[in-house]
Peer 1: 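One structure coming up, written as structure tokens, with questions to follow.
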Amino acid sequence: MPDTIIRLTPQPPFDFENTAMLHGWAELEPTWYDPKLHTLQRVEVLPNDQVVVLILHSPGSVWQPQIEVSIMHESPIDKDQLAELDGRLKHMLRLDDDLSDFYALCAERGENWLRLKEGWGRLLRSPTVFEDMVKVICTTNVQWGGTKGMLRRLVAAYGSPFPRNDQLHGFPSPQTIANIPFDDFATAVRMGYRTAYVHELATRVAAGYLNLEDLRSPLLPTGEVRKKLLGIKGIGPYAAATILMLLGHYDEIAVDTAFRSFIAKKYFQGRYPSDKEALAIYQDWGKWKYLAYWFDIFSEYSS
DNA sequence: TTCCAGGGGTAGA
DNA sequence: TCTACCCATGGA
């Protein structure tokens with residue numbers, strides 16, 4: 001079966017590599033980045049259960065961006081599945097987000113912040129809120145290597161395989177996870193105490209008690225979404241702020257050990273301030289605090 | 001071996 | 001609202 005190609009034309013400025021790589025999501029299965037080929041790849045399960053592999057690359061530039069998506073598939077893809085895929089890709093890359101206010105603020109700041117205007121800030125996310133939520137739960141109280149391992153085991157054990165290469169699996173659906181007996185699930189994924197949070201989340205979503213995808217509505221105020229997130233077991237202040245960022249609300253910073261040590265090092269000569277003092281650093285970024293912090297920490301450790 | 005990580009739940013104040 | 005304590009797992 002010949003592969004199919006979708007072409008996307010983002011509004012400039014758009015930095016493909018930065019979008020793919022900035023916050024680590026491209027290191028979590030079933031997504032990965034090939035630094036040599038400059039391609040972002042992902043195994044995706046379509047609504048009709050067809051498993052495909054997506055290979056994204058960007059032949060354009062920041063100011064004339066293009067994205068070419070090669071879809072590897074074993075059986076024909078119909079128009080509806082392609083339309084669904086198109087929507088998921090735009091969501092993952094945040095192609096419809098308007099960051100112009102943020103870039104205007106960066107221009108006012110000047111200096112290093114000017115770099116941000118060149119297409120930064122579209123942090124990669126997953127096609128579904130469910131997948132992002134599972135991933136965020138797996139970042140809590142664990143080192144990054146541990147997070148990657150949990151996701152690798154989850155996807156390998158329960159994700160639908162790609163017919164052309166059964167080493168490649170998609171992300172398991174809530175229904176799939178909910179149907180697995182808890183003890184079997186725990187043994188396979190080895191997520192520690194997070195196992196119960198992930199299994200319960202999947203069970204509640206599968207049963208229809210929770211509709212996570214509704215949280216994507218940009219009309220919902222941050223406070224309302226935050227409240228709903230904190231009502232989910234396994235989601236505390238750090239996870240809620242991270243998920244809010246993934247949903248496009250940047251007004252809260254996720255306070256974790258990385259944030260605390262970065263602020264102590266850069267702004268307090270090594271002394272650890274209170275969280276309140278630390279958060280005050282970004283207070284005047286308004287609804288863009290998370291992006292300002294993320295750029296700040298990225299440029300500190302990449303320079 | 002011990003420590004602790006891109007924290008969170010719970011009980012008790 | 002704040003604090004103390006416990007929580008599985010695995011990398012360093």
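A, B, ... follow the sequence lines: proteins, then strands. Residue 1 opens every chain. As the structure is a computational prediction, the values presented were derived from the model and not from experiment.
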Peer 1: So which one's nearest nucleotide on DNA chain C is more toward 5', Asn141(A) or Gly145(A)?
Peer 2: Asn141(A)

Peer 1: May I have the distance from Asp275(A) (atom CG) to dG6(B) (atom C1'), rounded to whole angstrom?
Peer 2: 14 Å

Peer 1: Any carboxylate oxygen within less than 4.0 angstrom of a Lys/Arg side-chain nitrogen, looking at Glu131(A) and Arg88(A)?
Peer 2: no

Peer 1: Got a list of side-chain donor-acceptor pairs under 3.5 Å for residues 225-239 of chain A, not counting sequence neighbours?
Peer 2:
unit_1	atom_1	unit_2	atom_2	d
Arg226(A)	NE	Glu252(A)	OE1	2.9
Arg226(A)	NE	Glu252(A)	OE2	3.1
Tyr238(A)	OH	Thr139(A)	OG1	2.7

Peer 1: Heavy atom of residues 121-136 of chain A under 4.0 Å from DNA chain B: which residues?
Peer 2: none

Peer 1: Which whole number of Å gives the distance between the P atom of dC6(C) and that of dC3(B)?
Peer 2: 15 Å

Peer 1: Any idea how Tyr250(A) and Trp288(A) line up, ring-wise: parallel (<30°), tilted (30 to 60°), or perpendicular (>60°)?
Peer 2: parallel

Peer 1: Under 6.0 Å from the NZ atom of Lys289(A), do we count more than 12 heavy atoms belonging to anything else shown?
Peer 2: yes

Peer 1: Between dG6(B) and dC7(C), how far is it from one P atom to the other, in whole Å?
Peer 2: 22 Å

Peer 1: Would you call Arg164(A) and Glu74(A) a salt bridge, using N to O less than 4.0 angstrom?
Peer 2: yes

Peer 1: Give the cluster check for Val53(A) versus Leu93(A): same hydrophobic cluster or not, with ILVMFWY residues linked at side-chain heavy-atom distances below 4.5 Å.
Peer 2: no

Peer 1: For atom CD of Gln175(A), decide whether the heavy atoms of other residues, nucleotides or ligands shown that lie under 6.0 angstrom number more than 12.
Peer 2: yes

Peer 1: Find every protein N or O atom lying less than 3.5 Å from an N or O atom of nucleotides 11-13 of chain B, and list the pairs.
Peer 2:
none

Peer 1: Val62(A), Met21(A): one ILVMFWY side-chain cluster at the under-4.5 Å cut-off?
Peer 2: no

Peer 1: Check the angle between the aromatic planes of Tyr290(A) and Tyr293(A) and answer parallel, tilted or perpendicular using the 30° and 60° thresholds.
Peer 2: perpendicular

Peer 1: For Lys90(A) and Asp86(A), run side chain to side chain contact (heavy atoms under 4.5 Å, CB included): C-alpha distance rounded to whole Å, both residues' side-chain angles, the deciding distance at 0.1 Å, then the answer.
Peer 2: CA-CA 6 Å; Lys90(A) 286 176 178 162; Asp86(A) 187 74; 2.9 Å; yes

Peer 1: In whole angstrom, give the distance that lies between atom NZ of Lys148(A) and atom C1' of dA5(B).
Peer 2: 15 Å

Peer 1: Side-chain N or O of Thr257(A) less than 4.0 angstrom from OP1 or OP2 on dG7(B)?
Peer 2: yes

Peer 1: Output the residues of residues 184-206 of chain A in contact with DNA chain B, where contact means a heavy atom of the residue under 4.0 Å from an atom of the strand; sort by number or write none.
Peer 2: Tyr193(A), Tyr197(A)

Peer 1: What is the 5' to 3' range of DNA chain C, first to last nucleotide, that sits under 4.0 Å from any heavy atom of chain A?
Peer 2: dC7(C) to dG10(C)

Peer 1: May I ask you to say whether Arg216(A) pairs ionically with Asp132(A), meaning some side-chain N is under 4.0 Å from a carboxylate O?
Peer 2: no

Peer 1: Kindly indicate whether the side chain of Tyr193(A), heavy atoms from C-beta on, has any atom under 4.5 Å from the side chain of Asn141(A).
Peer 2: yes

Peer 1: For the residue pair Phe259(A) and Leu279(A), establish whether any side-chain heavy-atom pair is separated by less than 4.5 Å.
Peer 2: yes

Peer 1: Using the P atom on both, measure dG8(B) against dG11(C) and round to a whole Å.
Peer 2: 22 Å

Peer 1: Less than 4.5 Å apart, any side-chain heavy atom of Asn112(A) and any of Ser299(A)?
Peer 2: yes

Peer 1: Would you please classify the geometry between the His199(A) ring and the Phe185(A) ring as parallel, tilted or perpendicular, with 30° and 60° separating the classes?
Peer 2: tilted

Peer 1: Expected output is a numbered-order residue list: members of residues 228-252 of chain A with a heavy atom under 4.0 Å from any atom of DNA chain B. What is it?
Peer 2: Ile232(A), Lys233(A), Gly234(A), Ile235(A), Gly236(A), Pro237(A), Tyr238(A), Ala239(A)

Peer 1: Around atom CD of Gln64(A), are there more than 12 heavy atoms of other residues, nucleotides or ligands at under 6.0 Å?
Peer 2: no

